[in-house]
Amino acid sequence: MDGDGGSPLIWINGWFFKMIDKQVDSPAKAVADIFDGATVMIGGFGEAGSPIELIHALIDQGAQNLTVVNNNTGSGHVGLAALIENGRVAKMICSYPRTVGSKVFPELYRSGKIDLELVPQGTLAERIRAGGAGVPAFYTATSVGTPLAEGKEQRHFAGRDYVMEYGLKADFALIKSKQADRYGNLIYNKTARNFAPIMAMAAETTIVQAERMVTAGEIDPEIVVTPGIFVDRIVTVANPEQESKLVAEGRFYP
Amino acid sequence: MDGDGGSPLIWINGWFFKMIDKQVDSPAKAVADIFDGATVMIGGFGEAGSPIELIHALIDQGAQNLTVVNNNTGSGHVGLAALIENGRVAKMICSYPRTVGSKVFPELYRSGKIDLELVPQGTLAERIRAGGAGVPAFYTATSVGTPLAEGKEQRHFAGRDYVMEYGLKADFALIKSKQADRYGNLIYNKTARNFAPIMAMAAETTIVQAERMVTAGEIDPEIVVTPGIFVDRIVTVANPEQESKLVAEGRFYP
Amino acid sequence: MTADIIGWNRDEMAKRAALDIPDGSYVNLGIGIPEKVAQHVPEGREVIYHTENGLLGMGPVPASGGEDPELINAGKKAVTTIPGAAFFHHADSFAMIRGQHIDVCVLGAMQISEQGDLANWSTGEPDAIPAVGGAMDLVAGVKTIYVITQHCTTDGGPKLVESCTYPLTGKNVVDRIYTDLAVLDVTPAGFKVLELAPGVSFDYVQQRTAGKLLPAKG
Amino acid sequence: MTADIIGWNRDEMAKRAALDIPDGSYVNLGIGIPEKVAQHVPEGREVIYHTENGLLGMGPVPASGGEDPELINAGKKAVTTIPGAAFFHHADSFAMIRGQHIDVCVLGAMQISEQGDLANWSTGEPDAIPAVGGAMDLVAGVKTIYVITQHCTTDGGPKLVESCTYPLTGKNVVDRIYTDLAVLDVTPAGFKVLELAPGVSFDYVQQRTAGKLLPAKG
């Protein structure tokens with residue numbers, strides 16, 4: 001396993017066989033089949049954990065009319081904000097589409113050019129986990145008695161009111177990790193973990209940008225955060241761009 | 001932090017203050033307030049992860065009429081099987097009350113002396129997690145069309161039938177960990193992890209027997225499995241008994 | 001006498017709230033004045049801070065130059081960790097909140113009603129960008145909800161009201177309110193004044209409150 | 001000619017099933033004959049084994065003396081890990097099953113109906129101790145369900161039936177059946193014989209099946 005995208009081979013009885021290897025060569029190849037109208041979960045809480053190279057590859061790729069699930073709506077004119085600014089996102093599902101330095105979403109929203117499904121942050125997280133765990137719906141006390149509960153089914157359990165919320169799945173998830181192995185076992189960096197592990201569970205195809213590839217077994221089985229079963233493709237991005245730096249520099253993508 | 005139950009002190013401006021420290025001196029003290037009729041979740045899958053010293057302390061303590069949540073019903077005449085054999089358990093909530101070498105539960109069950117709520121293993125796990133996460137009920141496809149769905153609410157979502165299951169909470173959880181710090185941050189050993197992290201979430205009072213106490217910070221924040229917020233008491237049991245060995249030796253408890 | 005020279009300032013409000021946080025609590029602090037509470041916890045108490053983006057055991061703001069863009073709090077500001085911290089994903093983090101594992105949450109407010117209803121996420125104006133974050137989860141899930149807020153709006157209007165006109169964050173969720181003028185409990189009979197800021201009278205507070213105030217002792 | 005000298009033995013059944021497991025699959029193997037499948041995966045295929053008690057990347061049985069009572073499989077037998085394994089808790093483990101992340105599950109059976117209903121957890125007898133374990137989760141959640149079973153009961157009665165008389169594990173869940181006599185697909189029209197064991201005729205299998213068999217090619 002050389003860590004640069006080569007396919008590991010195993011020698012058995014005089015033959016070489018290809019082993020499981022989820023690495024792909026480039027962000028462009030990793031996102032090539034994201035289709036118009038797809039639902040795409042994108043990891044990150046603000047810039048922490050935002051897979052900026054995968055988002056930029058998705059902008060280059062050109063898919064339209066996307067439904068994007070992310071806690072926020074990006075900032076400046078790079079990453080998620082650039083995806084929105086380039087007119088690729090028909091709908092955002094998020095908890096907090098208002099950030100310092102975030103102008104792109106508010107303008108499109110006010111002019112009616114983008115839809116918004118506003119979801120409390122914990123309900124969003126729980127809906128994503130439920131989607132990944134085969135739970136089609138569950139009940140929560142969050143939002144009861146507020147405008148966000150309007151139109152939702154309510155029910156009483158043991159002396160308290162709850163609303164019913166649906167599990168949320170996606171066609172693709174784009175996430176960022178610190179290390180990955182060929183099976184897709186992942187570990188993350190500090191609070192960049194945030195939504196990535198549950199989005200990996202909830203997406204049909206999970207695409208990871210990892211800062212470093214390691215040999216299978218190098219990540220102790222006790223500390224794996226995302227087991228490889230939830231991962232489909234890994235691309236190494238050794239030195240990812242830092243969103244806040246690009247924003248400070250006034251950069252636009254593309 | 002000396003790891004033997006002493007209370008850590010911190011010196012501030014000429015005064016010593018007691019720091020958070022969830023250690024207790026003995027299994028007996030750790031389980032002293034478990035009351036008659038309590039619901040007690042007990043970690044473990046078979047003997048892996050079974051907190052045998054805490055269970056034995058609970059037998060000594062004498063609480064009656066317990067509802068116990070565990071995947072199994074113990075084996076031989078020690079640990080959970082001994083708790084049942086000593087007549088302390090009114091009801092078992094479990095997925096598999098039939099194990100090689102498990103005679104205690106079957107006899108009491110056939111003679112009508114113990115109740116059984118049989119729950120599919122994944123539904124049991126998900127109900128426990130839901131209890132810990134503030135979810136009073138959720139839907140699952142597991143058990144649809146089987147006797148275990150009888151009497152349960154059913155509902156159709158997106159072309160498939162599901163049953164409604166309730167979140168499960170407990171008054172106490174007894175679990176076993178490999179390492180703990182004074183805050184109750186825990187890591188586990190291999191497949192002994194099983195139900196412990198979710199039971200810690202679902203119980204009002206979580207009691208841990210840890211093989212080793214470590215200084216706060218010694219467990220890397222990236223690899224903590226159970227954050228201390230889910231833990232109330234820790235007792236060090238450096239060399240826990242091995243259930244299968246006691247069973248092989250024909251041992252009884254007490 | 002003008003409103004800005006009477007009563008507690010922001011730090012004093014945070015300090016007063018900090019007094020009520022029990023030793024050993026798990027605490028989540030909202031953005032703004034609530035963040036200041038951490039600086040005022042009385043010596044000798046150890047409190048563990050949770051930030052909903054996946055960290056328990058949040059430490060103070062790092063020294064300048066020591067910021068890590070991947071170690072932030074819910075307000076997206078750089079933080080540190082204490083020895084004994086833990087990282088986890090968003091669903092586990094909100095399980096702590098929604099499963100009633102956090103002891104105390106301190107939040108800001110736009111309006112609080114006599115029934116303890118809280119409005120702190122939206123003015124409900126048609127062109128406002130609605131953004132709720134974790135506020136609804138916190139008020140629904142945390143055992144004790146404290147609010148720190150100026151007693152009045154910048155226009156001098158009341159924030160403590162008979163019933164909220166802004167969209168709610170939660171119904172019947174607030175336990176105690178720390179303003180620049182007073183500390184008040186939400187009780188079934190109405191706002192109960194526990195303590196007045198120095199130089200502030202009960203009547204002065206009542207005049208600035210759109211709900212009936214109760215004295216601490218009848 | 002007696003039943004025990006005709007058809008495939010247990011290892012041959014497991015070997016035949018192993019042929020149908022695609023390279024790169026995530027697989028959960030039930031207790032009994034299904035466990036043997038792991039020994040027969042064709043060379044050149046890499047398959048990852050999941051055991052529902054919290055391990056992905058389960059390796060073979062350890063050498064005698066190398067057993068660890070805290071490293072076991074769902075049958076509570078000692079196992080090992082492969083490089084690249086991961087441990088996790090029970091809710092995460094069953095999220096893999098129930099969230100349809102496992103590709104193939106191979107299970108034993110007491111009865112399988114023409115509709116693909118499976119009964120494999122209880123005889124339903126009054127004094128039986130009911131024990132279901134993870135079977136209902138597996139059949140409800142895993143994408144492809146294979147069953148390995150003797151074609152007949154020890155009494156010679158049929159296990160492939162028009163409708164199950166034992167309590168069900170799941171309705172309409174079985175995709176393919178590997179018996180000592182044949183490989184059969186569950187189709188809307190009934191059991192379809194894909195392959196016969198050496199020396200076994202279609203009629204021989206039909207006589208031992210309480211549902212209508214379809215030949216592989218009309």
Side-chain angles (χ1 to χ4, degrees), chain A residues 45-49 71-73 75 94-100 102 105-106 109-110 116 118-130 132-133 140-149 161-162 176 178 188-199 201 225-226 242-245, chain C residues 31 51-55 58 67-81 85-100 115 117-119 121-122 124 126-141 164 166-173:
Chain A
F45 180 86
E47 72 173 317
N71 189 61
N72 305 104
T73 51
S75 64
C94 74
S95 89
Y96 207 83
R98 200 171 63 197
T99 315
V100 181
S102 159
F105 177 84
Y109 180 73
R110 288 206 182 89
L116 170 65
L118 189 72
V119 184
Q121 198 173 142
T123 297
L124 183 62
E126 190 68 18
R127 286 182 63 192
I128 294 168
R129 183 200 171 272
T140 176
T142 294
S143 91
V144 169
T146 79
L148 295 192
D161 290 318
Y162 296 85
K176 182 178 167 184
K178 186 165 125 189
Y188 301 91
N189 184 39
K190 306 188 185 80
T191 55
R193 187 185 303 194
N194 59 69
F195 285 91
I198 50 177
M199 287 180 169
M201 292 170 67
V225 176
T226 293
Q242 193 180 314
E243 186 183 285
S244 53
K245 224 173 138 191
Chain C
I31 298 167
T51 181
E52 57 263 39
N53 55 315
L55 167 60
M58 178 170 62
E67 298 88 353
D68 178 343
E70 297 198 325
L71 179 51
I72 60 174
N73 67 12
K76 305 199 175 79
K77 289 182 201 141
V79 294
T80 54
T81 57
F87 295 111
F88 31 80
H89 65 56
H90 246 80
D92 282 349
S93 186
F94 277 87
M96 294 177 190
I97 293 171
R98 295 152 64 106
Q100 302 191 297
Q115 294 76 39
D117 298 351
L118 175 68
W121 71 284
S122 167
D127 72 335
I129 305 297
V132 69
M136 289 185 182
D137 306 289
L138 286 162
V139 300
C164 297
Y166 292 145
L168 293 187
T169 310
K171 276 182 90 71
N172 193 12
V173 294

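Sequence lines set the chain letters: A, B, ... in the order given, protein chains first and strands last, and positions in each chain run from 1.
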Enquirer: Using 0.5 Å steps for rounding, measure from the CZ atom of A:R193 to the CG atom of C:L55.
Expert: 10.5 Å
Enquirer: What is the distance from atom CG of A:N71 to atom CD of C:E52, rounded to the nearest 0.5 Å?
Expert: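 The CG atom of A:N71 sits 9.5 Å away from the CD atom of C:E52.
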Enquirer: Go through A:P97, A:A149, A:A141, A:A196 and name the one with the most non-hydrogen pairs under 4.5 angstrom from chain C.
Expert: A:P97
Enquirer: Heavy-atom distance under 4.5 Å to chain C: side chain of A:K178, backbone, both or neither?
Expert: neither
Enquirer: Less than 4.5 Å to any heavy atom of chain C: does that hold for the side chain of A:V119, its backbone, both, or neither?
Expert: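 Backbone of A:V119 only, per the 4.5 Å heavy-atom cut-off to chain C.
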Enquirer: Minimum heavy-atom separation for A:F45 to C:I72, with atom names?
Expert: O-CD1, 3.8 Å
Enquirer: Using a cut-off of under 4.5 Å for heavy-atom pairs, which of C:A85, C:G133, C:G134, C:S93 has the most such pairs with chain A?
Expert: C:G133
Enquirer: Enter the distance from C:D137:CG to A:L124:CG here, rounded to the nearest 0.5 Å.
Expert: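 C:D137 CG to A:L124 CG: 9.5 Å, rounded to 0.5 Å.
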Enquirer: Please look at C:D117 and chain A and tell me whether the side chain, the backbone, both or neither of the residue comes under 4.5 angstrom of a heavy atom of that chain.
Expert: neither
Enquirer: Rounded to the nearest 0.5 Å, how far does NE2 of C:H90 lie from OG of A:S95?
Expert: 7.0 Å
Enquirer: With only heavy atoms counted, which part of C:I97 is less than 4.5 Å from chain A, the side chain, the backbone, both or neither?
Expert: neither
Enquirer: For C:T81, which atoms come within 4.5 Å of any heavy atom of chain A: side chain, backbone, both, or neither?
Expert: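 Neither part.
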Enquirer: Against chain A, label C:A119 side chain, backbone, both or neither, depending on which of its atoms sit under 4.5 Å from a heavy atom there.
Expert: neither
Enquirer: Rounded at 0.5 Å granularity, tell me how far CD1 in C:I129 sits from OH in A:Y96.
Expert: 11.5 Å
Enquirer: List for me each residue that meets ring pair (Phe, Tyr, Trp, His ring centres under 6.0 Å) alongside A:Y109, sequence neighbours excluded, and say none if there are none.
Expert: A:F105
Enquirer: Just wondering, do A:R129 and C:D92 contact through their side chains at under 4.5 Å, heavy atoms?
Expert: no
Enquirer: Measuring from atom CZ of A:R98 to atom OG of C:S122, what distance do you get when rounded to the nearest 0.5 angstrom?
Expert: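 Taking CZ in A:R98 and OG in C:S122, the distance rounds to 7.5 Å.
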Enquirer: Taking the side chain as everything from C-beta on, heavy atoms only, tell me whether A:T123 gets closer than 4.5 Å to C:M136.
Expert: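 When only atoms from C-beta onward are counted, C:M136 and A:T123 do not touch, as no gap falls below 4.5 Å.
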Enquirer: Walk me through whether C:W121 and A:L118 qualify under side-chain contact (heavy atoms from CB on, under 4.5 Å).
Expert: CA-CA 12 Å; C:W121 71 284; A:L118 189 72; 3.5 Å; yes
Enquirer: Could you report the tightest heavy-atom contact between C:H89 and A:I198, atom names first, then the distance?
Expert: CE1-CG2, 3.7 Å
Enquirer: Heavy-atom distance under 4.5 Å between the side chains of C:E70 and A:K176, does that happen here?
Expert: yes
Enquirer: What part of C:F94 is in contact with chain A, defined as an atom under 4.5 angstrom from a non-hydrogen atom: side chain, backbone, both or neither?
Expert: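 Just its side chain gets close to chain A.
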Enquirer: May I ask you to name which of A:R127, A:E126, A:Q242 has the most heavy-atom pairs under 4.5 Å with chain C?
Expert: A:Q242
Enquirer: Tell me if a side-chain donor or acceptor on A:T191 pairs with a main-chain N or O of C:G54 at a distance below 3.5 Å.
Expert: no
